[in-house]
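I have placed the structure first, in the form of structure tokens, so that the comments after it can refer back to it.
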There are 2 protein chains.
Amino acid sequence: MAPSNIPDIVVGRLPIYLRTLAHIARGGQEVTSSYEMGEHLGISPAQIRKDLSHFGEFGKQGTGYNIEYLREQLRRILGVKQEWDVALIGAGAVGKAILRYDGFRGSGFRITAVFDNDPNKIGCKISQLDVIPAERMTSTIQQMGIRVTMLAIPAENAQRVAERLVEAGVEAILNYAPINVIVPPHVYVQHLDPVVALQHMTYYIAPKPTQALNPIISALDPREIGSDNIVHL
Amino acid sequence: MAPSNIPDIVVGRLPIYLRTLAHIARGGQEVTSSYEMGEHLGISPAQIRKDLSHFGEFGKQGTGYNIEYLREQLRRILGVKQEWDVALIGAGAVGKAILRYDGFRGSGFRITAVFDNDPNKIGCKISQLDVIPAERMTSTIQQMGIRVTMLAIPAENAQRVAERLVEAGVEAILNYAPINVIVPPHVYVQHLDPVVALQHMTYYIAPKPTQALNPIISALDPREIGSDNIVHL
DNA sequence: TAGATTGTTAATCGATTAACAATC
DNA sequence: TAGATTGTTAATCGATTAACAATC
């Protein structure tokens, strides 16, 4: 995972620190402490200080951290002081939501190309971007020098398309498809799967008798449930 | 995080195992091994066996795991043998994409209520669900006995709404807003933030001189970038 | 100054891995 | 049987925490 001597788990917390600092800054505050950040995150102050200490000294004893300065440093460390051009693969419901999502503003990413294989979508403008046919994906990505992509296509195509992305030179794939794509070690993949997140939580809130649970018709292969039986309202 | 003697990190891998088993089963296979699963996931076979051993013995020496049997066991452990009614808060672009997402089929979750505070959306049908006004959120959730929710609203409202959900009896919140909501210990929250995932990856693919990076106009407050400056093609 | 908070050390705690007996 | 693969143990490895000197 990491061509680096810094633990990946530490790297993974830095974006969360960055988000938390933005949140605290919104309240007009200029300085914060590892204690305050820890309260926002449910993380111990010691861990936050230890994590940051891998990269340098950013605080002042007795005072804490200047929020803007620490944000700048974290942006530099994470490589988001400049904006990355991002290609979005798939202009279905998920792809459209990604295009309309305003949370990317100021995050270091902007979507500059959208691809789809549906002839009905080709040429359509979504959030001011023309949908480009899948055939032109490789050439466009190479021409634009795009290294970061978001994959929002059906699971059955994800592995094949990911391989094409890697051939085109892509190094980071944010995968919305519910499948683990396998890529060479120099390529980074992150999965965003709501089902995984939900199932993680239901482990802890065990079904109780008095509660809203509906029997699954066929437990063994739920994909065979007819739309007549389970009505997705 | 865990009223349980099983490490949370282990619990978090179970849904991924479940997803991988579904994937292998799609190929028509009936049996798999910790080696095969590990290859799909980039996880060591020893870790998979160790994880599963926390919950029982599900395999056969020399043979491996019966896929359907192991899936059943994992569903039982994760509490998704029956379907959970899920309330979706927010019917904007993200909310709509969630409603249209078909990856929930057979996962143990089905969205049975959608709420929004936008008068223009109230009463509209999205994926056959009526959008319910926010005022009726608490009563509806309590009436339906809903314990699992997905939060797809702007960051500035997320904390306040999360608190109302907790008051209504909700125990699990899948948060799409880019903010850490703070909840009592008996409530579980998972964050799904594409920016966090992307920034995690850019750490490893450090900017190179020959590459598509665009200067940020105003580094200090990127939300002030005018749409004139950054052209979304 | 007194109080607060950092960065860092050492100790603790926990997770992963390697190895192997058991056994299908 | 021979080969394969589990479940488990013990060793290794790594992450978290507590504590504190330094210092703002």
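The chains referred to below are lettered A, B, ... by the order of the sequence lines, with proteins before strands, and numbering in each begins at 1. Please read these numbers as outputs of a predicted model, since none were measured by experiment.
The phosphate of C:dT5 (OP1 or OP2) has no side-chain N or O of A:Ser34 nearer than 4.0 angstrom.
Listed for the B:Glu171 side chain is no donor-acceptor partner under 3.5 Å among the backbone atoms of B:His186. Put simply, the side chain of B:Gln190 never gets that close to the backbone of A:Leu198: no donor and acceptor are under 3.5 Å apart. Between the side chain of B:His54 and the backbone N or O of B:Asp51, at least one donor-acceptor pair lies under 3.5 Å. Although no hydrogens or angles enter the test, the distance criterion places a donor-acceptor pair under 3.5 Å between the side chain of B:Gln199 and the main chain of A:Ser107.
Aromatic ring orientation, A:Phe109 versus A:Trp84: parallel (interplanar angle below 30°, classes split at 30° and 60°). Classification of the B:Tyr188-A:Tyr204 ring pair by plane angle, with boundaries at 30° and 60°, yields parallel.
For the pair A:Gln73 CD and C:dG7 P, the interatomic distance rounds to 12 Å; values are reported in whole Å. One interatomic measurement links the two molecules: CG of A:Leu52 to P of C:dT8, which rounds to 11 Å at whole-angstrom precision. Rounding to whole angstrom units, CG of residue B:Leu70 and P of D:dT6 are separated by 10 Å. One interatomic measurement links the two molecules: CG of A:Asn66 to C1' of C:dT5, which rounds to 15 Å at whole-angstrom precision. A:Phe58 places its CZ atom 13 Å from the P atom of C:dT6, with the value rounded to the nearest Å. If you take CD of B:Glu36 and P of D:dT6, they are 11 Å apart, rounded to a whole angstrom.
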**Asked** Please walk me through it: do B:Glu167 and B:Arg164 pass salt bridge (Lys or Arg N to Asp or Glu O under 4.0 Å)?
**Response** CA-CA 5 Å; B:Glu167 282 164 31; B:Arg164 286 185 53 208; over 6 Å; no
(request) Show the numbers, then the answer: is there a salt bridge (Lys or Arg N to Asp or Glu O under 4.0 Å) between B:Glu163 and B:Arg160? (result) CA-CA 5 Å; B:Glu163 284 165 16; B:Arg160 198 172 41 77; over 6 Å; no
How far apart are the C-alpha atoms of B:Arg71 and B:Glu68, what are their side-chain angles, what is the distance that settles it, and do they pass the salt bridge (Lys or Arg N to Asp or Glu O under 4.0 Å) test? CA-CA 5 Å; B:Arg71 288 176 77 184; B:Glu68 278 316 316; 3.0 Å; yes
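The heavy-atom pair separating A:Ala172 from B:Ile205 by the smallest distance is CB-CD1, 3.9 Å. Taking both residues in full, the closest heavy atoms of B:Pro178 and A:Arg19 are given as O-CD, 3.4 Å, listed atom of the first, atom of the second, then distance.
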With 3.5 Å as the limit, what N/O pairs link the protein to nucleotides 21-24 of chain C?
| residue | atom | partner | partner atom | Å |
| --- | --- | --- | --- | --- |
| C:dT23 | O4' | B:Gln61 | NE2 | 3.4 |
| C:dC24 | O4' | B:Gln61 | O | 3.2 |
| C:dC24 | O2 | B:Gln61 | O | 3.4 |

Give me, pair by pair, the N or O atoms of the protein and of nucleotides 14-18 of chain C that are less than 3.5 Å apart, along with how far apart they are.
| residue | atom | partner | partner atom | Å |
| --- | --- | --- | --- | --- |
| C:dT16 | OP1 | B:Arg13 | NH1 | 3.1 |
| C:dT16 | OP1 | B:Gln47 | NE2 | 3.3 |
| C:dT16 | OP2 | B:Arg13 | NH2 | 3.0 |
| C:dT16 | OP2 | B:Gln47 | NE2 | 3.2 |
| C:dT16 | O5' | B:Gln47 | NE2 | 2.8 |
| C:dT17 | OP2 | B:Ser44 | OG | 3.1 |

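Each of B:Gly64 and A:Tyr35 was assigned the nucleotide of DNA chain D with the nearest heavy atom; the assignment lying further toward the 5' end belongs to B:Gly64.
In DNA chain C, the stems built from three or more successive Watson-Crick or G-U pairs (distances below 3.5 Å) are C:3-24 with D:3-24.
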